[in-house]
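A quick write-up on the structure given underneath.
The shown structure was predicted, so the numbers you read here are calculated from the model rather than taken from an experiment.
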Amino acid sequence: MMLKIAQNIVYCGIRTGEKPANTLSLIVSVNVISISLVIALTPFCIGNIIRGNTRGALIEGLIILIMAAAIAMLRITKSSLVAALAGRSFLALIIAILCHTFIFGITVERGLFWFVLFPVFAYYIDGPLRGTLWSGAFIGTALLFSALSVLGYVPGPYARNTPMLGAFLSLLTTIAGFMLLYSLRQHRHERTIMAQAFTDTLTDLPNRAKLVIDISAAPRSILILANIDDFKEVSFFGNDVGDFILRELGKKLAHLIGNDPIRLYHLHADEFGLLADAELTLAQVDERVSLYHKVIENTFFRFNDQSLNIGITFGIAEGRENLIEKAAMALTSAKRLKRSHLMFSDSDNLAAAYRTNMEWMKRFKDAMVEHRVMPYFQPIVNNRSGIPEIYECLVRIDDGDGTVASPGEFLEAARRAKLYGFLTRTMIRRSFDFFKDRTESFTINFSYADIEDVTTMAFLKTNIRNYGIGPRFIIEMTESERFEDFNRVLAFVKDMKDLGCRLAIDDFGAGYSNYEYIIRLNADYVKINGALIADIDHDIGAYTLVKTIGKFSEQLDIRSIAEYVESQSIYEIVRALKIDYSQGYYFGKPAPVIETGAGTALPDA
């Protein structure tokens, strides 16, 4: 039974790793042992005093005092350091008592109690690895003194006691040895499990959990996050190709690191981490990252008969607190700025942007739960009749304190919180419900992320059918947005057209505009970029481009819409160019309701 209890305690201790249990469990363990020993030894100590056994009373009294002091200190400090010190002092004292037993020839029965329980105490107090070392020291001491006793160099218990007691002591030594072997086997097993928990199975590299531990163990480190650009395009060839690229990139990075004091990790999917020790400076790390980028972007990975090349971006941060988050912010900024790598700096706007994003993630989630995400409506006026025929539905968040947040403040937070699809579905539901009994047409903006979202697409099609609103519903898509799979977009447009919906290309004229893009998508409306419209009354270039887009649209029987019409002079020019519709503050700001009659103040047509 004692062996079984010891095994269970050893096994529980091993599960916590090589260190003693966490602060709370270590304090509790030492407290329990200390109180138990004080209670158990006090009667023996009193009995020895009564019998006149001064030496025994002193030993037991010393243990009681040490344990009582440990209990008091733990109650006052609640410190794991004090607990560890008290526990290890106790273990050292037991070994000293063992030596005392042999040297002074004290009867062996008195030492049997410690001999049986020492391994249990050792593993319970100091964890599996150190507990094993303590037990080894204890057993080694016992065997050494047993040999010295048999040879007659010390009096020891063998000199005074019967062979039966000596044999019994040898048996206990054997049992303790088996316990030690068992604990070592269990320890190896647990180390294997722990290694698996901290190792990425695909690349055999340490994983994110190990990186977190290593960062916390170092006073200062430099973390480099490496992310494969557009990894979805690689995965398009199949999971086998994606896995191959990840394994080969891990090997390539390991080769580039060489003997440098940098540890490599595979964090998740397309992201690796490189943790540089404090002996490297930021300048040295920057130099190495530049080399890594150059080599990897000029490397072709060969999979069967395919030769694949990847792009990679790095984010770098130094310190200890929030190191992963800071490196991730630098990585995100590097991708946005089209840089090969970027270094986080507290003096930059990155930290402020990160805090703002975190605040908005919470505000956004609260708004979703409390139904404060709502559509605002802005009129799109027919330039011939002066009547609003279409309304654009624009997402807003009511903060509940009279202020209203626009998309630029929270869309990124929605993406980070993985609630972007939920946001789009909320806009679909609330906009459809608003316009179900009205006669005007209305538009909602959709991004490529929405088109990729199977749940959102199914929700959209179901609601178009259920509301019977297809002929009045206009899909808006931004011309400048990059579509990873244009065929998927074409399929989406076809599905919407089959349901009676129309398509508007938003922001046309921003940067390089692709006229073929409009033709291939079979667009019904072209919304001319607001920056061009805002300059049309004083910039001949903007005027000419707007005129060209208007003529192009007219020839293809596509309706044109001028955005950012904010003055009478701009409106007059737009009408003179025969642009079909106008939208802007000149006609009305986005509002949560659509006012009619006297509430609608439109200019004369």
Straight-line distance of E566 CD to K589 NZ, nearest 0.5 Å: 9.5 Å

Any side-chain donor near an acceptor of the partner, H268 and N207, under 3.5 Å: no

Mutual orientation of the aromatic rings belonging to Y292 and F314 [parallel < 30°, tilted 30-60°, perpendicular > 60°]: tilted

Mutual orientation of the aromatic rings belonging to F377 and F434 [parallel < 30°, tilted 30-60°, perpendicular > 60°]: parallel

Distance-only polar pair, side chains of E392 and N445, donor-acceptor under 3.5 Å: yes

Close aromatic pair by centroid cut-off 6.0 Å: Y376 and Y391: no

Under 3.5 Å side-chain donor-acceptor pair for D450 and T424: yes

Chi angles and distances behind the side chain to side chain contact (heavy atoms under 4.5 Å, CB included) call for R488, E452: CA-CA 8 Å; R488 187 174 206 160; E452 280 190 310; 3.8 Å; yes

Exercise: do S560 and D580 side chains pair donor with acceptor under 3.5 Å: yes

Ring center gap for Y585 and Y564 short of 6.0 angstrom: no

F446 and F473 aromatic ring geometry - parallel, tilted or perpendicular at 30°/60° bounds: perpendicular

Residue pair Y581, V381: steps toward the side chain to side chain contact (heavy atoms under 4.5 Å, CB included) verdict: CA-CA 5 Å; Y581 293 88; V381 174; over 6 Å; no

Identified side-chain contact (heavy atoms from CB on, under 4.5 Å) counterpart of L253 within the set I224, I262, L264, V295: L264

Side chains of I561 and I528 in contact at under 4.5 Å (non-hydrogen atoms): no

Backbone N/O of L223 and side chain of S221: donor-acceptor pair under 3.5 Å: no

